[in-house]
Q: 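The structure follows.
Naming convention: chains lettered A, B, ... in sequence-line order (proteins, then strands); numbering from 1 in each chain.
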Protein chains: 2
Amino acid sequence: MEKRVKTINDSLVRIYGDILWIEENELRQSRFKDLTIKDMHAISAITMYDQKTASQVAKELHLTPGTLTSTIDRLEKKDYVKRIRSNNDRRVVRLGLTKKGRLMYRAHDAFHRMMVDSFLKDVEPDEIKTIEKALRNLENFLREHS
Amino acid sequence: MEKRVKTINDSLVRIYGDILWIEENELRQSRFKDLTIKDMHAISAITMYDQKTASQVAKELHLTPGTLTSTIDRLEKKDYVKRIRSNNDRRVVRLGLTKKGRLMYRAHDAFHRMMVDSFLKDVEPDEIKTIEKALRNLENFLREHS
DNA sequence: TTGCTTACTTTGATTATCAAAGTAAATGAG
DNA sequence: CTCATTTACTTTGATAATCAAAGTAAGCAA
């Protein structure tokens with residue numbers, strides 16, 4: 001592998017591996033000790049805003065419907081998430097966050113904001129375009145392969 | 001969250017979530033169907049080159065010693081990895097790849113190479129410096145938080 | 001020699017996950 | 001309108017990854 005490509009690859013691999021682990025540690029030291037990172041990412045995917053359906057969230061998280069059901073059971077029991085039966089279609093479960101869930105959501109979002117801010121530290125506005133281009137490239141690559 | 005930061009964050013989150021899943025699918029269609037992505041990442045961490053110790057690999061993968069032992073048991077049984085008892089210190093297990101393991105390693109590396117190549121498509125040499133800077137920033141941030 | 005430390009393995013329990021079967025609501029063809 | 005089919009989710013039963021803690025065996029130090 002060309003050296004530059006290899007360096008960037010190694011960096012991406014390290015970052016990828018470390019992020020989950022660091023998020024887990026931050027979580028354990030926070031007031032949300034009763035959650036795993038998977039729980040946190042479920043809360044993050046549900047979001048404060050949309051009232052997505054269970055199927056939508058399952059797809060985003062690449063989980064089977066059964067697994068999502070048990071994830072939601074757990075988060076509902078711990079009072080982070082609530083199920084809202086759709087009135088249009090009584091089969092559909094829409095998902096929302098409780099007050100506690102919204103607190104968690106904001107805390108996680110704040111951590112991500114810090115992470116991205118650090119990522120862009122000393123990066124000039126016109127350089128940001130380069131980064132956005134590269135990320136779009138990668139997303140396109142992943143889309144082609146899925 | 002500032003709009004630009006939010007866009008980049010969302011992009012990173014999508015990429016993060018999709019990569020594992022896509023690697024898993026590629027794997028299932030390949031000649032290495034008997035491996036999970038976790039197995040693959042263990043093989044990737046062991047590398048073709050270093051003969052790292054079990055402890056080093058466990059640390060890199062953020063696994064406990066016990067979990068690493070069972071991972072290695074599995075990969076040794078499937079003939080991807082071999083244990084090599086150190087002669088200097090008979091407690092130490094050094095890890096190496098078998099022929100099959102090296103094949104897998106190269107295949108996975110090739111996929112990563114494609115991914116990074118796509119990431120850097122249309123990115124000019126001087127723009128690559130920007131990307132390297134941003135990745136260094138992120139690695140420093142993660143180091144501070146671990 | 002004896003006690004302490006290190007490197008790994010074993011054990012037992014827990015938990016996330018999936019595939020497949022089940023339930024209940026919506027839809028559509030006749 | 002009715003019944004077969006599809007859709008959206010839940011339940012069930014099994015499997016596998018993981019961890020903490022205890023165990024083993026080798027090295028080290030006094």
Q: Which protein N or O atoms sit under 3.5 Å from an N or O of nucleotides 3-5 of chain D?
A:
none

Q: Name the nucleic acid region contacted by Arg83(A), choosing base, sugar-phosphate or nothing; use a 4.0 angstrom heavy-atom cut-off, strictly under.
A: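 If one applies the 4.0 Å heavy-atom cut-off, Arg83(A) turns out to touch the sugar-phosphate alone, with no base involved.
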
Q: Examine distances only and state if a side-chain atom of Asp117(A) and a backbone atom of Met114(A) form a donor-acceptor pair shorter than 3.5 Å.
A: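 Answer holds: no.
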
Q: Would you indicate which nucleotide in dA26(C), dA26(D), dA8(D) comes nearest to any side-chain atom of Asp89(A)?
A: dA26(C)

Q: Would you classify Arg74(B) as touching base, sugar-phosphate or nothing, given that sugar-phosphate means primed atoms plus P, OP1 and OP2, and contacts are heavy atoms under 4.0 Å?
A: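 Here Arg74(B) touches the backbone only, sparing every base.
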
Q: Working to the nearest 0.5 angstrom, can you tell me the gap between Phe119(A) CZ and Ile131(A) CD1?
A: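 If we round to the nearest 0.5 Å, Phe119(A):CZ and Ile131(A):CD1 are 4.5 Å apart.
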
Q: Could you check which of dA16(C), dA7(C), dA26(C) has an atom nearest any side-chain atom of Lys38(A)?
A: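 Selected nucleotide: dA16(C).
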
Q: When you look at CG of Asp126(B), are more than 12 heavy atoms from neighbouring residues, nucleotides or ligands closer to it than 6.0 Å?
A: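 Buried by this count: over 12 neighbours within 6.0 Å.
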
Q: Can you name the residues that form a side-chain hydrogen bond (donor to acceptor under 3.5 Å, both in side chains) with Arg14(A), not counting sequence neighbours?
A: Glu139(B)

Q: Do Lys133(B) and Glu127(A) sit within salt-bridge range, that is, some charged N less than 4.0 Å from a carboxylate O?
A: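 Looking at Lys133(B) and Glu127(A), the cut-off is met.
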
Q: Name the residue closer to the 5' end of DNA chain C, choosing between Leu63(A) and Gln56(B) according to the nucleotide with the nearest heavy atom.
A: Gln56(B)

Q: Does Thr67(A) place a side-chain N or O at less than 4.0 Å from the phosphate oxygens OP1/OP2 of dT17(C)?
A: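 No, because none of the side-chain N or O atoms of Thr67(A) sits under 4.0 Å from OP1 or OP2 of dT17(C).
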
Q: Would you call Arg28(B) and Asp34(B) a salt bridge, taking side-chain N to carboxylate O under 4.0 Å as the test?
A: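 No, this pair does not count.
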
Q: Using a heavy-atom cut-off of 4.0 Å across all strands, would you classify Asn88(A) as base, sugar-phosphate, or nothing?
A: sugar-phosphate

Q: dA7(C), dA26(C), dT11(D): which one has an atom nearest the side-chain heavy atoms of Asp73(A)?
A: dT11(D)

